[in-house]
Amino acid sequence: MRIATWNVNSIKQRVDHLVTWLGERQPDIVCLQELKCVDEAFPREAIESAGYNVAVHGQKAFNGVAILSKRPFDEVAVRLPGQLLSGDEDPQSRFIEVLVSTAQGVVRVGNLYLPNGNPPETDKYPYKISWMNRLIKYADERLKLGEPFVLTGDFNVIPTPADVHNPAAWAGDALFLPQTRERYRALVNLGLTDALRAVSDAPGLYTFWDYQAGAWQKNQGIRIDHMLLSPQAADRLATVGIDKHVRSWEKPSDHVPVWLDLDVD
DNA sequence: ATGTCGCGACCATCGCGA
C-alpha cells in the first residue's frame, strides 16, 4: 500500500498537478493540506474520476485537510481532540483521520496541518505548542491500539540541523526553535518512526522550498513534511520517496509529495 | 540586498498568512 502526503497550497490552484501526479505515482492513500477552500468548493469530481474516495475537512481561505483513498473508508473523523488554551473549541481545520481495510487488516492514517507558529513572539506560537501537546496526547492514545498507524502531514517542524540548508538562518524561526523541536522529539519518542530517516541519513533531503529569494533554484529547502509510523507500520516499511521533480512544474506548490510503501496488501 | 504566492475584500490594490 502506497501512502503519500502533500501540502498543495490551494487545491483549486493545484488540482491539475494533483491529477497528473496521481497518475504517475499511483498512491493508494493521499493526505492533502492547505486546501484553502470550503468543503463545497473542493474539486471532488476531478479526483473521484481519477479513482479515489474523498474525505474533506475544509475552511474558507486558510488551512483545510483531505484524505483520498482508492479503497473505501471504514471510518472518518475530523478535528484533533482537545481545546484551545482559552478552553474554546479550535476553529481551524487542521486534522482528519481515516481507517481503511486491507487484505491483511486495517491501516489508520492521521493527516495534520500543524500550526506554523510565526512570529514566535505572538500568540501564534503558544497556539502551535498547545496544538503539539494535543497531538502528543492523541498519538499516545492511538499507539495503544497496536494498529499499523501512519501519522503524516505538514508538521511545520524542522527536526534537526540536517533537515535545513542553512540552520543559522532558521535559528529564531518557529519551525526550528528548541521548544518546537523538543515537542517533536516528545511525539516521536512515544514510539513513532520517522519513515524518511529510517531509510536515509543523507543531508539535503527537503520537502519545502520558499517561493521567495530563489530558494528552489539554490536548493535552500527544509524538511517539514513527515511520515511517522507506529511499530506495526514501521515493521512493514518497504520504500520512502520525495517527489522533488514536482517543485519544478509550472505554478507549483511550495511543498512536494512524500510517499512510502507498506507491505500490508 | 532583494527576490513569492494565494485568498478575500472589493474593484486594483492591500493586508494577512505562510
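Protein chains get the first letters and strands the later ones, always in sequence-line order, with residue 1 at the start of each. Both backbone and side-chain heavy atoms feed into the values below; hydrogens, waters and symmetry mates do not.
Checked against side-chain hydrogen bond (donor to acceptor under 3.5 Å, both in side chains), Tyr52(A) has no partners two or more places apart in sequence or in another chain. Shown here are the ring pair (Phe, Tyr, Trp, His ring centres under 6.0 Å) partners of Tyr113(A), two or more places apart in sequence or in another chain: there are none. Evaluation of the side-chain hydrogen bond (donor to acceptor under 3.5 Å, both in side chains) rule for Arg183(A) yields Asn133(A) as partners, not counting sequence neighbours. Residues meeting the salt bridge (Lys or Arg N to Asp or Glu O under 4.0 Å) test with Lys144(A), sequence neighbours left out: Glu141(A).
With a 4.5 Å cut-off between side-chain heavy atoms of Ile, Leu, Val, Met, Phe, Trp and Tyr, the cluster of Trp170(A) takes in Ile158(A), Val164(A), Leu175(A), Phe176(A), Phe208(A), Ile222(A), Ile224(A). As a member of the Ile/Leu/Val/Met/Phe/Trp/Tyr network built from side-chain separations under 4.5 Å, Val19(A) groups with Val15(A).
Legend: ring pair (Phe, Tyr, Trp, His ring centres under 6.0 Å) pairs involving residues 20-43 of chain A, not counting sequence neighbours, sorted by first then second residue: Trp6(A)-Trp21(A). Residue pairs meeting the side-chain hydrogen bond (donor to acceptor under 3.5 Å, both in side chains) criterion with at least one partner in residues 188-200 of chain A, sequence neighbours excluded, are Asp163(A)-Arg197(A), Asp194(A)-Arg223(A).
DNA chain B is contacted by no residue of residues 156-168 of chain A, taking any non-hydrogen atom closer than 4.0 Å. Contacts between residues 204-222 of chain A and DNA chain B, defined by a heavy-atom separation below 4.0 Å, involve Tyr211(A), Gln212(A), Ala213(A), Lys218(A), listed by number.
The aromatic rings of His226(A) and Tyr184(A) are tilted relative to each other, their planes meeting at an angle between 30° and 60°.
In the set dC7(B), dG6(B), dA9(B), the nucleotide with an atom closest to the side chain of Lys60(A) is dA9(B).
A close approach under 4.0 Å does not occur between any side-chain nitrogen or oxygen of Lys251(A) and OP1 or OP2 of dT4(B).
Remark: DNA chain B takes part in the stems B:4-9 with B:13-18, each of 3 or more antiparallel Watson-Crick or G-U pairs, criterion distances under 3.5 Å.
If you take atom P in dG15(B) and the same atom in dG3(B), they sit 15 Å apart, rounded to whole Å. dT2(B) and dG6(B): their P atoms are spaced 23 Å apart (whole Å).
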Identify all side-chain donor-acceptor contacts of residues 233-240 of chain A below 3.5 Å with residues at least two apart in sequence or on another chain.
from: Arg236(A); atom 1: NH1; to: Gln232(A); atom 2: O; distance (Å): 2.5

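Judged by closest nucleotide on DNA chain B, Ala61(A) is the one of Ala61(A) and Asp154(A) placed further toward the 5' end.
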